[in-house]
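This is a predicted model, so every value here is computed, not measured.
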Amino acid sequence: MSNSDHAFMARALELARKGLYSTHPNPRVGCVIVRDGKIVGEGWHAKAGEPHAEVHALRQAGDKARGATAYVTLEPCSHHGRTPPCADALIAAGITRVVAAMQDPNPEVAGRGLLRLMNAGIAVQGGVLEVEARALNAGFIKRMESGLPLVRVKLAMSLDGRTAMASGESQWITGPAARAAVQRLRARSSVVLSGADTLLADAARLTVRPEELGLGAELTALAQVRPPLRVLVDGRLRVPLSAPFFQAGPALVATCAAATSRCRYLDDGHELLAMPGSNGHVDLRKLLLELAARGANEVLVEAGPKLAGAFARLGLVDEYQLFVAPKFLGSSARPLLDLPLAKMAEAPALKIVDMRAVGDDWRIIAVPDRAS
């Protein structure tokens, strides 16, 4: 890999990130077309159903694409979906070299796009900045490879590891900068999921408020924020339709309640998903499989200690984002997770991958240490 390959792929990844909030269920992809060492075309995928990154870049390059190199953050597609194959477009434009950051994990592509390019006489190179490319589309990759979405659990806590007062009061533990960061987490997610306890205690809506993203007006418009699906896990249907969550727009309710209790939700325009479960608790793994089948790449869990703890106990969490406020809530306040452990050896091991200040608070990103 040459320095120029590295630099042009870094630019393609920068373009791909412009689709961070809008491309799901599709991956975020950027493309740069270079001829004689100069960029002649750029593009990124903005929204499902719209042209892919390669098409935008080829349109900008025009006739200058002939004999050029295309840098793409994901293998060009080779199948007809809602748009024609990008591999064919690159061939038709006269591209002579394609550098891809990674192979597409989609079984409908999975190397076929690169093979089609090679069969057309185009030089192909892969693996340039692959780690960065995989991180950008970790949810899409997991869904393609396992049939499950990436699950990210957001938790806000005090320095003594408490999330709410004994009464349930929790607004606001953290400050405005941390809340803006949470808004960005919601905006990039396919699904924002919570439980009955949280909605009853906090009157939460779980909506994305573009004015609070902290991106600035120009970047907010560029991001083309696509609202995530709001999902309530309510095994016993305890949350009334008068709750702010339901008043904020259509939602999906996952429940294992009897059929006779469900009709009122359907009448109000919400979707009700009957799931298997026991003792009033929805089978969370099967719920995740259903959400992935609907195209969910990233699921953000914003829930209380019981539901968040259930995801943790079942090994369904890929990443924790903990926002830590510089205050104590005291020994009678509620814990971070409902995770009863008897021995130190039972404690789940985590790897901290990032820690930084967010306004007056701190954000810790940790992932389960599967090896341990």
Side-chain angles (χ1 to χ4, degrees), residues 17 20-21 131-132 134-139 142 149-165 169-195 197-198 202 204 206 208 212-215 228 297-331 333-341 344-372:
R17 292 186 187 99
L20 187 67
Y21 305 111
V131 171
E132 292 83 351
R134 292 184 70 87
L136 181 61
N137 285 306
K142 185 182 178 187
L150 181 141
V151 176
R152 186 177 282 119
V153 173
K154 187 279 296 183
L155 298 163
M157 68 178 189
S158 59
L159 277 175
D160 51 349
R162 304 291 174 163
T163 61
M165 304 306 292
E169 178 189 356
S170 64
Q171 295 180 327
W172 297 97
I173 293 177
T174 54
R179 294 199 291 274
V182 173
Q183 283 290 311
R184 292 192 290 274
L185 281 177
R186 288 181 186 177
R188 69 172 292 170
S189 301
S190 309
V191 168
V192 178
L193 181 151
S194 193
D197 288 346
T198 297
D202 292 346
L206 300 181
V208 173
E212 295 181 24
L213 290 172
L215 298 176
N297 293 328
E298 300 177 19
V299 172
L300 177 64
V301 177
E302 294 192 54
K306 290 183 179 178
L307 184 56
F311 274 98
R313 287 195 303 275
L314 293 168
L316 297 174
V317 181
D318 296 290
E319 177 182 294
Y320 295 92
Q321 294 226 2
L322 299 97
F323 293 85
V324 185
K327 61 184 68 170
F328 295 124
L329 295 187
S331 58
R334 296 183 178 182
L336 188 67
L337 294 172
D338 184 3
L339 196 62
L341 303 172
M344 184 67 73
E346 298 174 356
L350 301 174
K351 287 184 178 180
I352 294 177
V353 297
D354 189 70
M355 183 166 60
R356 67 186 64 198
V358 181
D360 294 329
D361 306 305
W362 283 84
R363 181 182 65 187
I364 301 171
I365 301 179
V367 298
D369 187 350
R370 309 290 189 194
S372 66

What I'd like to find out is whether the side chain of Val208 reaches to under 4.5 Å of the side chain of Pro228, using heavy atoms alone.
yes
Check: Asp318 side chain, Val151 main-chain N or O, donor-acceptor pair, under 3.5 Å:
yes
Do Lys142 side-chain atoms and Pro149 backbone N/O form a donor-acceptor pair below 3.5 Å?
yes
Determine yes or no for a side-chain-to-main-chain donor-acceptor pair under 3.5 angstrom, with Asp160 supplying the side chain and Gly330 the backbone.
yes
Given side chains that start at C-beta, do those of Leu193 and Leu307 come closer than 4.5 Å, heavy atoms only?
yes
Atom pair OH/CG of Tyr320 and Leu155 - distance to nearest 0.5 Å
8.0 Å
Sub-3.5 Å donor-acceptor pair from the side chain of Lys327 to the main-chain atoms of Ile173, do we have one?
yes
Compare all side-chain heavy atoms of Leu185 with those of Gln321 and state whether any distance is below 4.5 angstrom.
yes
Residues Val301, Leu316; criterion side chain to side chain contact (heavy atoms under 4.5 Å, CB included); working and verdict
CA-CA 11 Å; Val301 177; Leu316 297 174; over 6 Å; no
Taking all atoms of both residues into account, what is the closest heavy-atom pair of Ala303 and Ser194, and its distance?
CA-OG, 4.0 Å
In this structure, CG of Asn137 is separated from CG of Leu150 (nearest 0.5 Å) by 11.0 Å
Heavy atoms of Ala181 and Val358 approach each other most closely as CB-CG1, 4.4 Å
Working to the nearest 0.5 angstrom, can you tell me the gap between Arg152 CZ and Arg188 CZ?
4.5 Å
Could you tell me if the side chain of Leu350 sits less than 4.5 Å from the side chain of Asp369, heavy atoms only?
no
Using a 4.5 Å cut-off on heavy atoms from C-beta on, say whether the side chain of Thr174 contacts that of Arg179.
yes
For Glu302, which residues count as a side-chain contact (heavy atoms from CB on, under 4.5 Å) partner, sequence neighbours excluded?
Lys154, Val182, Arg186, Val192, Leu206, Leu300
Just by modelled atom types, is the Arg162 backbone N or O under 3.5 Å from a matching donor or acceptor in the Ser158 side chain?
yes
The test is side chain to side chain contact (heavy atoms under 4.5 Å, CB included); show your working for Met355 and Ile365 and say whether it passes.
CA-CA 6 Å; Met355 183 166 60; Ile365 301 179; over 6 Å; no
Residues pairing under side chain to side chain donor-acceptor pair (under 3.5 Å) where one sits in residues 356-365, two or more places apart or in two chains, turn out to be Asp354-Arg356
Given side chains that start at C-beta, do those of Glu298 and Val191 come closer than 4.5 Å, heavy atoms only?
no
